[in-house]
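Per chain, numbering begins at 1; letters A, B, ... match sequence-line order. For the numbers below, each heavy atom of this structure counts, side chains included, while hydrogens, waters and symmetry mates do not. Remember, it's a predicted structure, so these values are computed and weren't measured experimentally.
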Amino acid sequence: MDTPNTTPAGNFVRDIIDGDLASGKHQTIITRFPPEPNGYLHIGHAKSICLNFGLALSYKGRCNLRFDDTNPIKEEQEYIDSIKNDVRWLGFSWGQTEFYASDYFEQLYEYAVHLIKAGHAYVDDLNADQIREYRGTLTEPGKNSPHRDRSIEENLDLFERMRNGEFPDGSKVLRAKIDMASPNINMRDPVMYRILHAHHHRTGDTWCLYPTYDWAHGQSDSIEGITHSICTLEFEDHRPLYNWFLDNLPVTSHPQQIEFARLELTYTVMSKRKLLLLVKDGHVAGWDDPRMPTISGLRRRGYTPEAIRTFCDRIGVAKRKDSTIEISFLEDCLREDLNKRALRVMAVLDPIKVVIDNYPEDKTEEFETVNNPEDESMGSRRVPFSREVYIERDDFQEEPHKKFFRLAPGREVRLKGAYFITCTNVVKDSAGNITELHCTYDPESKGGETPDGRKVKGTLHWVSAKHAVDAEVRLYDHLFREIDPNKAPDGQDFTSNLNPDSLRTLTHCKVEPGLADASPGNRFQFLRQGYFCVDSIDSKPGRLVFNRTVSLRDTWSKLQKQ
RNA sequence: UGGGGCGUAGCCAAGCGGUAAGGCACCGGCCUUUGGAGCCGGCAUUCGCAGGUUCGAAUCCUGCCGCCCCAGCCA
């Protein structure tokens, strides 16, 4: 496993930790990453993972992986497996500290009994609608439930019978007795337990009442001795409740909850609910569709864990809300990483045939070409050349734009690593479409340089026609066409902003022969075009499928728009 | 009209009373057998606004404005 770097920039969380260490409040730190196994992890989770595991690494502390599995209705083993796989792939390990909130159900139950005995919790018979009515509103205080003052004995009896399955779903809840008039709605006698006769993926049918997040989370943190419990901003309002529970329980550890801003990206949605909907309704091929912001989607797309970690380091950690990172920033971190490590190869996505009239009919040459100009240690390879080659249709203009310096009638360009060629003739079909180009080459320009040292402005990638291997290439664009997909027209939801062109499939692309035995997951730079990887699901020997991970920066396309 | 937060460049983000880091984007130039990469330079007289304190304020105080979150038996 590669080792994440551990020299992150400063941020307010580190300031808090530094203070706690300096004051002697803590000798070391223990953080946790607490996903609910109700979906696949996405890039937003990666931010939290990098933060929590990164902090542990940096302070030589520990980070627990804890599944927050308190809602059996939404959770599945498949999600647990994918989450573990993704965290590992990102480069982090949790050693022996793999926990489940469900491991603490018995302890939590005992804590609840403690609260009841102390007069701090009661069983309520109000139904969900009634509880909502009694809760009041943002501006009006709530009112006490008629069952709020039951005796401790009655509460104890009822609570035990709830556990024993004597009551149907929704008929009773256990509530903390705090303050129905609190300006903080979370403090208006929050529900601690609800009755759910549901099968839990780990505890099976042993429980029919399940703790809520508020009741389970802080106590789980405390049980694990978490020092800093880092969560997202929407839990700021819950912090008083988090503290209230711990203050009223016989615990020895009282973790500090710290909130930071969750990650948002332009042109994408980040809520698990919405991602689930995209999968369930078939808008994408699955959680690992290369257009998804999920870790598994990014992985299949060709992202590297290093690029994702670099991204998480660079975006920083702060409390500023409504901050949305431009997705191009993520792509840039990727390019930077891939530039250093990707093997350069030649692939023609939209081929047009070039016939070099003065090149011998049956001759084949091989040219040595460097695998990565950024890294000599990656060596070189030989690519075959012959009389007929494919070049990119885009690399020829019959009437060239003033700033276009690729091939055009009468113009000389370089075929990368091979020869200079000059276009002498354009062949068209009856509809006027260009079907073939005829060129001559300069034998003196072998390797791409001439004895007279003359320059050409353009260098094109190419593939020898008779040696070319066919491939399918999938070009991806943003899944959504709106910068903020959540801003949908009246009466429509975010799916109305789906980009109909987010996937373009190209068949019969021509790639250099060496690629024939590329393995799933292998990454390449297709010269002058972008980074591509062999699709891990659909690519098979004899039927190559590449995903475009990200295009190269394209100055030419900017010029064209001017 | 309740409570909790946040406002530093197009996007992130440092800064914590001593005169605005860094990254991305953008704009110039150099270099280049990828219009890639790389290199060099530029890019906030100003920190939401208005007052106040101070020799000195993005940093402290007061008031105002804007935005986000909260009324699940979701997390």
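Using C1' as the reference atom, B:rA9 and B:rC27 are 14 Å apart when rounded to the nearest Å. Going from the C1' atom of B:rA44 to that of B:rG7 covers 16 Å, rounded to whole Å.
Looking only at distances, a side-chain donor or acceptor of A:Gln529 sits under 3.5 Å from a matching main-chain atom of A:Ala347.
Under the rule for a side-chain contact (heavy atoms from CB on, under 4.5 Å), the partners of A:Lys177 that lie at least two apart in sequence or sit in another chain are A:Tyr122, A:Arg148, A:Asp149. Applying the side chain to side chain donor-acceptor pair (under 3.5 Å) rule to A:Asp18 yields the partners A:Tyr59; only residues at least two apart in sequence or on another chain are considered. For A:Lys416, the salt bridge (charged side-chain N to carboxylate O under 4.0 Å, His left out) criterion is met by no residue, not counting sequence neighbours. Taking the salt bridge (charged side-chain N to carboxylate O under 4.0 Å, His left out) definition, one finds that A:Arg528 meets it with A:Asp395, sequence neighbours left out. For A:Arg161, the side-chain contact (heavy atoms from CB on, under 4.5 Å) partners at least two apart in sequence or on another chain are A:Asp157, A:Leu158, A:Glu166, A:Phe167.
Residue side chain A:Asp237 reaches the base of B:rG3 through a donor-acceptor N/O pair under 3.5 Å, judged by distance alone.
Using a 4.0 Å cut-off between charged nitrogen and carboxylate oxygen, A:Arg202 and A:Asp103 count as a salt-bridge pair.
Against the 90° criterion about 0, the sugar-base torsion of B:rG17 places it in the anti range.
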Could you write nucleotides 39-44 of chain B as a row of B, S and -, 5' to 3', where a protein heavy atom under 4.0 Å of any base atom gives B, of only sugar-phosphate atoms gives S, and otherwise -?
------
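Nucleic acid contact class of A:Phe311 (heavy atoms, under 4.0 Å, all strands): none.
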Pairwise N/O distances under 3.5 Å, protein to nucleotides 6-8 of chain B:
from: B:rU8; atom 1: OP1; to: A:Arg320; atom 2: NH2; distance (Å): 3.2
from: B:rU8; atom 1: OP2; to: A:Arg320; atom 2: NE; distance (Å): 3.2
from: B:rU8; atom 1: OP2; to: A:Arg320; atom 2: NH1; distance (Å): 2.3
from: B:rU8; atom 1: OP2; to: A:Arg320; atom 2: NH2; distance (Å): 3.2

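A:Leu55 is listed as a side-chain neighbour of A:Arg14, based on a closest heavy-atom distance under 4.5 Å.
Near-neighbour residues of RNA chain B inside residues 125-133 of chain A, defined by a heavy atom below 4.0 Å, number-ordered: A:Leu126, A:Asn127, A:Ala128, A:Ile131, A:Arg132. Residues of residues 325-338 of chain A that place a heavy atom closer than 4.0 Å to RNA chain B, in numerical order, are A:Ile325, A:Glu326, A:Phe329, A:Asp332. Proximity of residues 72-80 of chain A to RNA chain B (heavy atom under 4.0 angstrom from any strand atom) is restricted to A:Lys74. Proximity of residues 176-191 of chain A to RNA chain B (heavy atom under 4.0 angstrom from any strand atom) is restricted to A:Pro183, A:Ile185, A:Val191.
Checking B:rC26, B:rC16, B:rC70 against the side-chain heavy atoms of A:Asp15 singles out B:rC16 as nearest. Here B:rG35 is the nucleotide among B:rG35, B:rA75, B:rG36 with the atom lying nearest to any side-chain atom of A:Arg528. Picking from B:rG36, B:rC73, B:rG2 the nucleotide with the shortest atom distance to the side chain of A:Glu374 gives B:rG36.
Residue pairs meeting the salt bridge (charged side-chain N to carboxylate O under 4.0 Å, His left out) criterion with at least one partner in residues 207-223 of chain A, sequence neighbours excluded, are A:Arg32-A:Asp221, A:Arg66-A:Asp221.
Relative orientation of the A:Tyr104 and A:Phe99 rings is tilted, given thresholds of 30° and 60° on the angle between their planes.
Contact check, A:Thr70 against B:rA75: a side-chain N or O comes under 4.0 Å of OP1 or OP2.
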